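Working notes, structure below.
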Number of protein chains: 2
Amino acid sequence: MIDLMPETQPSAEAPPMGRRERKKAATRQAIADAALRLFLERGYDDVGIREIADEADVSTTTLFKHFPVKEALVFDEEADQEALLLAAVHDRPKGRSIPAALREHALRYRMAATGSDARFTAFFELIDTTPALRDYVQAMWLRHTEALAHAIAEECGLPEDDPGCTALAHFALEAPRAARGHDDPRRAVERAFDLLEHGWQPDPPKRTRPGGR
Amino acid sequence: MIDLMPETQPSAEAPPMGRRERKKAATRQAIADAALRLFLERGYDDVGIREIADEADVSTTTLFKHFPVKEALVFDEEADQEALLLAAVHDRPKGRSIPAALREHALRYRMAATGSDARFTAFFELIDTTPALRDYVQAMWLRHTEALAHAIAEECGLPEDDPGCTALAHFALEAPRAARGHDDPRRAVERAFDLLEHGWQPDPPKRTRPGGR
DNA sequence: CTCAACAAGTGCAACCGTTTCACTTTTGAA
DNA sequence: TTCAAAAGTGAAACGGTTGCACTTGTTGAG
């Protein structure tokens with residue numbers, strides 16, 4: 001329900017899952033769907049774990065095997081989104097700079113939410129009005145920032161806590177976030193990344209050319 | 001126990017508290033002391049709320065009247081520190097720029113921890129090794145950043161979500177944090193603020209001079 | 001001084017997210 | 001077929017947190 005990821009590239013990732021993995025995924029999806037539906041109906045705090053499990057027809061034990069904490073039920077696509085983000089850097093067409101790859105990724109995947117689809121609106125309102133969820137997205141954002149910084153550093157052959165990489169990662173995730181609320185979010189993101197691509201020069205390490213591998 | 005705030009200015013704030021407020025403060029302190037002692041002895045996760053309350057000789061109800069969540073027991077001075085931070089901006093000597101005031105504050109109050117006092121070391125190790133506390137400090141840092149940004153904006157007569165103010169607040173709190181781990185943290189902070197003071201020019205609003213009030 | 005009003009503290013039971021445990025059922029592969 | 005690992009179960013417990021009805025101490029106005 002509410003697929004935040006538009007149109008995965010047709011040719012991409014389809015390692016044919018066996019029955020087992022398919023069933024597992026189905027269970028997971030059933031849980032997430034039930035949870036989101038109930039949350040939207042009655043509010044995050046007024047829906048208990050046990051009730052969600054019942055609705056999805058699984059035990060609470062099973063529920064927690066799939067989602068480590070209650071908040072994670074709302075962001076069941078987090079892992080996929082992070083993977084996509086890191087892939088955008090790691091698998092970018094050769095010759096393309098990292099900022100450029102991040103810009104493309106931002107425009108492609110992180111702007112879906114800005115459409116005027118009513119379900120998106122409700123989804124974001126749910127988050128914005130629930131302190132527990134606000135806190136969770138904040139922590140999530142940080143996790144992604146760190147993962148991205150790490151990936152960039154690795155890509156450039158820099159130490160994994162290189163401040164420049166941290167800053168770039170920070171910026172690349174902050175830009176789309178700040179763009180929400182602008183009249184033309186797409187344009188805002190473009191602007192931010194224009195700035196970034198001109199300003200950011202990866203500090204070339206000893207003998208690796210920036211962007212090379 | 002473990003007073004993070006060295007030497008409050010002698011003349012500052014001493015609105016003579018009545019017996020009531022004094023007792024309340026004492027209770028609060030007893031709870032925080034008991035909690036920190038037990039945490040350091042046995043680890044954060046291995047000490048329960050009920051046990052802390054017992055040790056401080058209060059009911060758990062009372063404990064939660066003073067500290068909204070378990071993590072807050074570790075940061076019982078948070079409110080004071082935030083107040084001090086905001087005061088550093090608001091009550092700075094006239095003519096002094098905001099960045100300069102923040103630099104002085106950072107050097108004065110936020111570097112206490114870098115001393116080689118064994119209790120500080122243990123305190124920070126407790127935090128660093130407890131995920132729940134790491135998460136909490138992160139959220140705390142964000143709250144303080146937002147409060148500071150708000151205070152700066154108000155001080156300059158700018159809209160309360162002015163990006164420049166947000167950035168300045170962010171930087172001013174990030175600098176001392178990043179300095180931890182440097183060989184000479186004090187110097188690192190000085191450097192960071194040197195940069196900041198030269199770089200940052202508050203966008204003068206309609207008719208207010210920057211730094212004026 | 002007295003007394004009402006209010007703030008602080010109490011004890012207990014409940015709530016709810018989360019974990020543990022011992023157990024059954026499915027599934028993939030040897 | 002056989003077997004081990006993976007997925008799921010059910011119930012009970014744990015621990016942080018809250019609600020409730022209550023007592024006690026402090027304060028300030030009359």
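All chains are named by letter (A, B, ...) in the order of the sequence lines, taking the proteins before the strands, and each is independently numbered beginning at 1. Predicted, not measured: the structure shown is a model, and the values here were computed from it.
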(message) Please determine whether a side-chain nitrogen or oxygen atom of Ser59(A) lies at a distance below 4.0 Å from atom OP1 or OP2 of dT9(D).
(response) yes
(request) Mark yes when over 12 heavy atoms from residues, nucleotides or ligands other than Arg177(A) sit less than 6.0 Å from its CZ; otherwise mark no. (result) yes
(message) Classify the ring geometry of Phe123(B) against Phe75(B): parallel below 30°, tilted from 30° to 60°, perpendicular beyond 60°.
(response) perpendicular
(message) Less than 4.0 angstrom between a side-chain N/O of Thr61(B) and OP1 or OP2 of dT10(C), yes or no?
(response) no
(request) May I have the distance from Ile52(B) (atom CD1) to dG15(D) (atom P), rounded to whole angstrom? (result) 12 Å
(message) Output the rounded distance in Å from NZ (Lys24(A)) to P (dT25(C)).
(response) 21 Å
(request) Please determine if a side-chain N or O atom of Arg19(B) lies less than 4.0 Å away from the OP1 or OP2 oxygen of dT26(D). (result) yes
(request) Using whole Å, report how far CZ of Phe67(A) lies from C1' of dG8(D). (result) 15 Å
(message) Just the rounded figure in Å: distance from C1' of dG9(C) to CD of Glu21(B).
(response) 17 Å
(message) With a 4.0 Å limit, can you tell me whether Thr27(A) has a side-chain N or O closer than that to the phosphate oxygens OP1/OP2 of dG8(D)?
(response) yes
(message) Tell me whether the side-chain N/O atoms of His66(B) come closer than 4.0 Å to OP1 or OP2 in dA8(C).
(response) no
(message) Output the rounded distance in Å from CG (Asp57(A)) to P (dT25(C)).
(response) 16 Å
(message) Is the phosphate of dT18(C) approached by Lys70(A) (side-chain N or O, under 4.0 Å from OP1 or OP2)?
(response) no
